[in-house]
2 protein chains.
Amino acid sequence: MKSEEKTAYLALNTYTKLMRAAESVTNRVGRFMSAANLTISQFGVLEALHHKGPLCQRDIGAKILKSTGNITLVIDNLEKHQLVKRERNVDDRRYFTVSLTQSGSMLIARVFADVESAIVAEMAILSETEQVSLGSLCKKLGITRVTDQAKT
Amino acid sequence: MKSEEKTAYLALNTYTKLMRAAESVTNRVGRFMSAANLTISQFGVLEALHHKGPLCQRDIGAKILKSTGNITLVIDNLEKHQLVKRERNVDDRRYFTVSLTQSGSMLIARVFADVESAIVAEMAILSETEQVSLGSLCKKLGITRVTDQAKT
DNA sequence: ATCATACATCTTAATATTAAACTATATAAT
DNA sequence: ATTATATAGTTTAATATTAAGATGTATGAT
C-alpha cells in the first residue's frame, strides 16, 4: 500500500470510530431524555435555561447550535407542554425572554441528574487518564477552523 | 471538591468534547455533500450501494442505522432524482432490490472522493499516533453495551 | 424626522427521523 | 391445507432541521 493510501485508510478508520462512539453514547444517554418525553433539542433548551437562567431565543440557539427558525418551533412545543414561557421584553420588543415554568424547572432538574449519571456511567469505561487523553484529542478536532462558516 | 464530583466533572467535560468534535467534523465534511445537493442520509445510502452493490432496503437501513420507515422516504427522494432505482425481487416479492442508476453511480464516485479527502484533511490535525490513540479510545465507547436495545 | 441598516423572531417548503400501526408476502407448525 | 408467525416495506403523526424570505422593531446617519 502506498503511503497516501495508508494515511487515507487511517483517517477514514479514525473518523468512523469517532462517529460511532458519538452516536453510540448519544443513543444510550438519550434514552433518559426519551423516558421523560423530551427530544434532545428540548432537553438542550431546558438545560440551557436551567444553568443560565432566562434567555432570549437567539442566545438559546447559539448555545445549542441550532437555527433561529428551529428554536421557534422547539420553544413552541415546550410551551405547549407548559415547560417554558415566553415574555416579550419591554425595553426591546424584538426579544422574547424565555424562562422555565415551575414544572419545567422540576422536570429538568430530575432529568438532568439522570442524564448526568448516564454520562458518568458511559465514561467510566475509560480510566481518568484515558478520558483526559480523549478530551484533548477531541478538542483539537472540535475547534473552529478557517473553513467554518461565520456564525453571527 | 469531593472525589465523585471530580469524576463527574471529568466525565461531563470529556463527553462535551467528544460531541463537539463529532459535530464539528460532521459539519465541515457535510459541506461536500450539501454542495452536491445530498443530505447525509442520502449520501449514506448511495455510499452503501457504491461499495456493496445492490441491497434491499432493510440492509441499507442496517448499514446506515436508520429505521425502515425512514429508508422508504430517503429512497423515494433518491428515486425522484433518478439516482437509484427499485426492482421488486422475483423470488421473494417482499423485497425490493435497490441499485444505483448510471447518474447515481457517477455522482457518488465524485462526491465520495471529495468527502474522503475532506476527512483526510480533518484528521491531518492529528499525528498518526494520535489518530490511532483516538480510534482505540472511541472504539471502547462505541461498542454495543448491555443496555443497548436489540437491533433485529 | 426620514431612511437605511441591523436584528429578533416567525413562516414556509423540503427533507429527515422515529414509533406504531398496517399491508403484503413468506415460512414453519400442525 | 390451514393457521400462526415472521419479515419487508409503507403509511401516518409528531417532532426536528435548515434555508430563505417576511415581519416587526431598534438604531445610526443624514
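Only a predicted model underlies this, so the values are computations on that prediction, with no experimental measurement involved. Chain letters run A, B, ... following the sequence lines, proteins first, then strands; residues in each count from 1.
Side chain of B:Ser105 to main chain of B:Leu100: no donor-acceptor pair is present (N/O by atom type, distance under 3.5 Å, no hydrogens or angles). Checked by atom type and distance alone, the side chain of A:Gln131 pairs as donor or acceptor with a backbone atom of A:Met123 at under 3.5 Å. At least one donor-acceptor pair closer than 3.5 Å links the side chain of B:Ser24 to the backbone N or O of A:Gly142. Although no hydrogens or angles enter the test, the distance criterion places a donor-acceptor pair under 3.5 Å between the side chain of B:Ser103 and the main chain of B:Gln82. Put simply, the side chain of A:Thr7 gets close to the backbone of A:Ser3: a donor and an acceptor are under 3.5 Å apart. Looking only at distances, no side-chain donor or acceptor of A:Thr68 sits under 3.5 Å from a matching main-chain atom of A:Gly61.
Between the CD atom of A:Glu79 and the P atom of C:dT9 there is a distance of 13 Å, given to the nearest Å. We find that CD of A:Gln57 is positioned 17 Å from P of C:dC7, with the value rounded to whole Å. Atom CG of B:Leu55 and atom P of D:dG9 are 10 Å apart (whole Å).
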Check the interface with nucleotides 24-27 of chain C: list each N/O to N/O pair with the protein under 3.5 Å, or write none.
| unit_1 | atom_1 | unit_2 | atom_2 | d |
| --- | --- | --- | --- | --- |
| C:dA26 | OP1 | B:Arg93 | N | 2.8 |
| C:dA26 | O4' | B:Arg94 | NE | 3.4 |

Pairs: protein N or O with nucleotides 13-18 of chain D N or O, under 3.5 Å:
| unit_1 | atom_1 | unit_2 | atom_2 | d |
| --- | --- | --- | --- | --- |
| D:dA16 | OP1 | A:Thr39 | OG1 | 2.5 |
| D:dA16 | OP1 | A:Gln42 | NE2 | 3.3 |
| D:dA16 | OP2 | A:Asn77 | ND2 | 2.7 |
| D:dT17 | OP1 | A:Ser41 | OG | 3.2 |
| D:dT17 | OP1 | A:Lys66 | NZ | 3.2 |
| D:dT17 | OP2 | A:Ser41 | OG | 2.1 |
| D:dT17 | OP2 | A:Asn70 | ND2 | 3.1 |
| D:dT17 | O5' | A:Asn70 | ND2 | 3.3 |
| D:dT18 | OP2 | A:Ser67 | N | 3.0 |
| D:dT18 | OP2 | A:Ser67 | OG | 3.3 |

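Note on B:Arg58: every side-chain N or O is 4.0 Å or more away from OP1 and OP2 of D:dT10.
With respect to A:Asp114 and A:Arg31, no salt bridge is recorded, no charged nitrogen being found less than 4.0 Å from a carboxylate O.
One end of the helix from C:dA1-D:dT30 to C:dT30-D:dA1 points its axis 10° away from the other end's axis, with each axis taken from 5 pairs and the angle rounded to 10°.
When every heavy atom of A:Ala11 is checked against every heavy atom of B:Ile119, the shortest pair comes out as O-CG2, 3.9 Å.
Note on ring orientation: taking the six-membered ring where Trp is involved, the planes of A:Phe112 and A:His51 are perpendicular (angle over 60°, cut-offs 30° and 60°).
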Run the side chain to side chain contact (heavy atoms under 4.5 Å, CB included) test on B:Lys66 and B:Val74 for me, step by step, so that the C-alpha distance in whole Å, both residues' side-chain angles and the decisive distance to 0.1 Å come before the verdict. CA-CA 10 Å; B:Lys66 294 289 147 69; B:Val74 174; over 6 Å; no
Test log, rule side chain to side chain contact (heavy atoms under 4.5 Å, CB included), inputs B:Val98 and B:Leu78: CA-CA 11 Å; B:Val98 182; B:Leu78 286 170; over 6 Å; no
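With C:dT9, D:dA8, D:dT11 as the choices, the nucleotide that has an atom nearest any side-chain atom of B:Tyr95 turns out to be D:dA8.
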